[in-house]
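Computed over heavy atoms, backbone and side chain alike; hydrogens, waters and symmetry mates excluded. Every value quoted in this text rests on a predicted model; they were computed, and no experiment measured them. Here is the naming used below: chain letters follow the sequence lines, and residue numbers restart at 1 for every chain.
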Amino acid sequence: MNSFREKVFEVVKKIPQGKTLSYKEVAIKAGNSKAARAVGAILRTNFDLKIPCHRVIKSDGTTGGYNRGVKQKLKLLKKEKAV
DNA sequence: CATTTGACGCCAA
DNA sequence: TTTGGCGCCAAAT
């Protein structure tokens with residue numbers, strides 16, 4: 001974790017299957033409770049399949065966006081949360 | 001280097 | 001409940 005993004009990646013990678021964290025939660029775990037926006041920017045610019053970014057949603061409960069398409073994100077969440 | 005944009009969050013009206 | 005405004009951070013231009 002040499003930068004904030006590294007921390008964000010670590011946090012998101014640690015999200016267990018069937019669970020979802022809000023951008024703010026991820027930001028807090030990464031060390032900046034106000035960097036929710038930055039988390040989205042980071043996940044958006046970083047395409048890493050090792051990062052289950054589909055488990056990161058808004059605090060409102062809405063999914064937000066996804067680099068593979070919101071439809072895919074909804075489907076993944078539905079499947080993972082359903083189990 | 002300065003400015004703008006955006007997968008966000010919270011508050012007030 | 002919905003809309004508008006402000007704050008915060010990282011990446012893109």
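A:Glu6 places its CD atom 19 Å from the P atom of C:dC9, with the value rounded to the nearest Å. Between the CG atom of A:Asn46 and the P atom of C:dA12 there is a distance of 10 Å, rounded to whole Å. Computed from coordinates, the A:Lys71 NZ to B:dA7 C1' distance equals 18 Å when rounded to whole Å. Atom P of nucleotide C:dC9 and atom NZ of A:Lys7 are separated by 12 Å, given to the nearest angstrom. In this structure, A:Phe9 atom CZ and C:dC9 atom P are separated by 18 Å, rounded to whole Å. Nucleotide C:dC9 holds its P atom 20 Å from the CZ atom of A:Arg44, rounded to whole Å.
A donor and an acceptor atom sit less than 3.5 Å apart, one in the side chain of A:Tyr23 and one in the base of B:dA7.
The side chain of A:Asp60 sits closest to B:dG9 out of C:dA10, B:dA7, B:dG9. With C:dA10, C:dC8, B:dA7 as the candidates, the nucleotide lying closest to the side chain of A:Lys34 is C:dC8. Here the nucleotide nearest the side chain of A:Lys24, chosen from B:dA7, C:dA10, B:dC10, is B:dC10.
By the 4.0 Å N-to-carboxylate-O rule, A:Lys7 lies too far from A:Glu10 to be salt-bridged with it.
Looking at heavy-atom distances under 4.0 Å, A:Ala38 makes contact with a base. Residue A:Asn67 is in base contact, counting any heavy-atom pair closer than 4.0 Å across all strands shown. When heavy atoms are screened at a 4.0 angstrom cut-off, A:Leu43 is found touching base atoms of the nucleic acid.
Considering every non-hydrogen atom in both A:Ala30 and A:Val8, the closest pair reads CB-CG2, 3.8 Å. Closest non-hydrogen pair, A:Cys53 versus A:Asn67, comes out as SG-ND2, 3.9 Å.
Under the 4.5 Å side-chain heavy-atom criterion for ILVMFWY residues, no single connected hydrophobic cluster contains both A:Tyr66 and A:Leu43.
Separating the OG atom in A:Ser22 from the CD1 atom in A:Ile57 is a distance of 7.0 Å, to the nearest 0.5 Å.
Of the side-chain N and O atoms in A:Arg5, one or more sit less than 4.0 angstrom from OP1 or OP2 of C:dA11. Under 4.0 angstrom from either OP1 or OP2 of C:dC9 there lies no side-chain N or O belonging to A:Arg37. Within the 4.0 Å cut-off from OP1 or OP2 of B:dC8, not a single side-chain nitrogen or oxygen of A:Ser22 is found. In this structure, A:Ser59 reaches the B:dG9 phosphate: one of its side-chain N or O atoms is under 4.0 Å from OP1 or OP2. The phosphate of B:dC8 has OP1 or OP2 within less than 4.0 Å of a side-chain N or O from A:Lys58.
As the counterpart of B:dT5, C:dA10 is assigned, both hydrogen-bonding distances of the Watson-Crick or G-U wobble pattern falling under 3.5 Å. A 3.5 Å limit on both hydrogen-bonding distances identifies no Watson-Crick or G-U partner for C:dT1.
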